[in-house]
Protein chains: 2
Amino acid sequence: MNERQPKIAFECCSPEALARGLAALSHPVRIEILRQLSGAEACCCKDVAGRLPLAQSTVSQHLKVLLEAGLLRVRPQAQRSNYTVDREALRALSAAISNLLSECTAAADASQIEKN
Amino acid sequence: MNERQPKIAFECCSPEALARGLAALSHPVRIEILRQLSGAEACCCKDVAGRLPLAQSTVSQHLKVLLEAGLLRVRPQAQRSNYTVDREALRALSAAISNLLSECTAAADASQIEKN
DNA sequence: ATCGTTCATCGTCGATATACGATGCAAGCC
DNA sequence: GGCTTGCATCGTATATCGACGATGAACGAT
């Protein structure tokens, strides 16, 4: 039927797509939010905001960034919005990053050896 | 000004430090620069600039960002500046990222199971 | 129906990022 | 000595980010 991922399966091959994923992660608050959501500590905007010295609107914006990067999913539930991490997307991003970086280190190893 | 040059052991434990490393990577041009430097394609600013549709000054700034993030090393050589990727730093960053993301996916797995 | 709660969005503001050309410096070449 | 090359930095212009308060919508509770 539908593909397993309703959204575009996390795209991280092109430098642009990879950079987008990295940009979403490259803020301490968003890292902390990811940690909170992945634990049982928080699941909605208010919970997260209650654990951070930030206004609710600011947290909502960070959640939006993570959501648009495809790293979170949201399920409206009563007045709340229930956020969960998208494990598949995180795995894909992690793989893409370690792929990039291991390419670089491997190639660097090779050229380093050549130059010696 | 330069109190502390991040030459030594890439620091990526705190969310702030990790976010700094990710921010340095989160630009398509800088990803491309890393790729070029890690191959044998380029090693100095002019080489990189010659392969990108960017001004030399812009490339120089991107190199500076990567340098200050501790992902590159530079060795002045004649008129050139010889840039090389810091393999140790890349490995440390890669490890820190995959550590963060696997923490999140693991925790998410656990809480997902609990909730079912 | 009214109130309280939760959230997303808007407008704003200052800070930062990204790009460029111009300029100056250091090193090699004539 | 001049000239060229390669680079970093400065100044500047524009765009985007990150934060806030205010506001309105959606919904449950009273």
Side-chain angles (χ1 to χ4, degrees), chain A residues 15-34 36-37 41-85, chain B residues 1-2 5-7 14-34 36-37 41-85:
Chain A
E16 287 77 13
L18 185 48
R20 270 193 294 275
L22 287 162
L25 275 184
S26 67
H27 192 289
V29 167
R30 289 197 286 272
I31 291 178
E32 182 56 30
I33 289 177
L34 260 194
Q36 290 191 13
L37 290 180
E41 309 165 30
C43 59
C44 66
C45 182
K46 197 211 174 206
D47 287 353
V48 175
R51 292 167 180 271
L52 293 173
L54 291 173
Q56 173 265 328
S57 61
T58 304
V59 172
S60 184
Q61 283 191 125
H62 281 302
L63 287 168
K64 189 182 180 185
V65 170
L66 289 167
L67 196 61
E68 288 179 341
L71 303 182
L72 296 184
R73 295 182 180 271
V74 64
R75 193 175 21 160
Q77 184 182 12
Q79 313 102 304
R80 301 178 183 240
S81 284
N82 212 298
Y83 288 93
T84 53
V85 300
Chain B
M1 297 227 290
N2 350 343
Q5 299 243 357
K7 289 185 178 178
S14 71
E16 287 77 14
L18 184 48
R20 270 192 295 275
L22 287 162
L25 275 185
S26 66
H27 192 290
V29 167
R30 289 197 287 271
I31 290 178
E32 184 54 31
I33 289 178
L34 260 193
Q36 290 191 13
L37 290 179
E41 310 164 29
C43 59
C44 66
C45 182
K46 196 209 174 205
D47 288 353
V48 175
R51 293 166 178 271
L52 293 173
L54 291 173
Q56 173 265 327
S57 60
T58 305
V59 172
S60 183
Q61 284 191 124
H62 280 302
L63 287 167
K64 189 181 180 187
V65 170
L66 289 167
L67 195 61
E68 288 178 342
L71 302 182
L72 297 184
R73 295 184 180 269
V74 64
R75 193 176 20 161
Q77 184 181 11
Q79 313 101 304
R80 300 177 184 243
S81 285
N82 211 298
Y83 288 93
T84 52
V85 301

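Side-chain atoms are counted along with the backbone in the values below, which use heavy atoms only and exclude waters and symmetry mates. Each chain gets a letter, A, B and so on, in the order its sequence line appears, and its residues count up from 1.
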For the residue pair [X] and [Y], what are the closest heavy atoms and their distance?
| X | Y | value |
| --- | --- | --- |
| B:Ala24 | B:Leu66 | O-CD2, 3.9 Å |
| B:Val74 | B:Ser81 | CG2-CB, 3.8 Å |
| B:Leu52 | B:Glu32 | CD2-CG, 3.9 Å |

Atom-pair distance ([atom1] on [X]; [atom2] on [N]), nearest Å:
| X | N | atom1 | atom2 | value |
| --- | --- | --- | --- | --- |
| B:Leu66 | C:dT18 | CG | P | 11 Å |
| B:Lys46 | C:dG28 | NZ | C1' | 15 Å |
| A:Arg80 | C:dG4 | CZ | P | 18 Å |
| A:Asn82 | C:dC7 | CG | P | 9 Å |

Original post:
End-to-end bend of the helix from C:dA1-D:dT30 to C:dC30-D:dG1 (five-pair axes, 10° rounding)?
Top reply: 10°

By side chain to side chain contact (heavy atoms under 4.5 Å, CB included) - contacts of [X] (at least two apart):
| X | answer |
| --- | --- |
| A:Ala49 | A:Val59 |
| A:Gln61 | none |
| A:Gln79 | none |
| A:Ala55 | A:Ser57, A:Thr58 |

Original post:
Of all nucleotides in DNA chain D with an atom under 4.0 Å from a non-hydrogen atom of chain A, which is the first and which the last going 5' to 3'?
Top reply: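 Nucleotide range in contact with chain A: D:dG18 to D:dG28.
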
**OP:** State whether A:Tyr83 places a side-chain N or O below 4.0 Å from either non-bridging phosphate oxygen (OP1 or OP2) of C:dA8.
**Re:** yes

Got a second to check how far [X]'s [atom1] is from [Y]'s [atom2], nearest 0.5 Å?
| X | Y | atom1 | atom2 | answer |
| --- | --- | --- | --- | --- |
| A:Ile31 | A:Leu25 | CD1 | CG | 6.5 Å |
| A:Gln56 | A:Leu54 | CD | CG | 11.0 Å |
| B:Glu16 | A:His27 | CD | NE2 | 9.5 Å |
| A:Arg20 | B:Ser26 | CZ | OG | 12.0 Å |
| B:Leu72 | B:Leu63 | CG | CG | 6.5 Å |

**OP:** Go through the structure and list residues passing side chain to side chain donor-acceptor pair (under 3.5 Å) with A:Arg30, not counting sequence neighbours.
**Re:** A:His62

Original post:
Under a 4.0 Å heavy-atom cut-off, which of residues 14-34 of chain B touch DNA chain C?
Top reply: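 Of all residues in residues 14-34 of chain B, the ones placing a heavy atom under 4.0 Å from DNA chain C are B:His27, B:Arg30.
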
Subject >> Residues touching DNA chain C, which here means a heavy atom under 4.0 Å, drawn from residues 47-65 of chain A >> reply: A:Gln56, A:Ser57, A:Ser60, A:Lys64

Original post:
Which sits closer to the 5' end of DNA chain D, B:Cys44 or A:Ala78, going by the nucleotide each is nearest to?
Top reply: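 Going by which nucleotide is closer to the 5' end, it is B:Cys44.
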
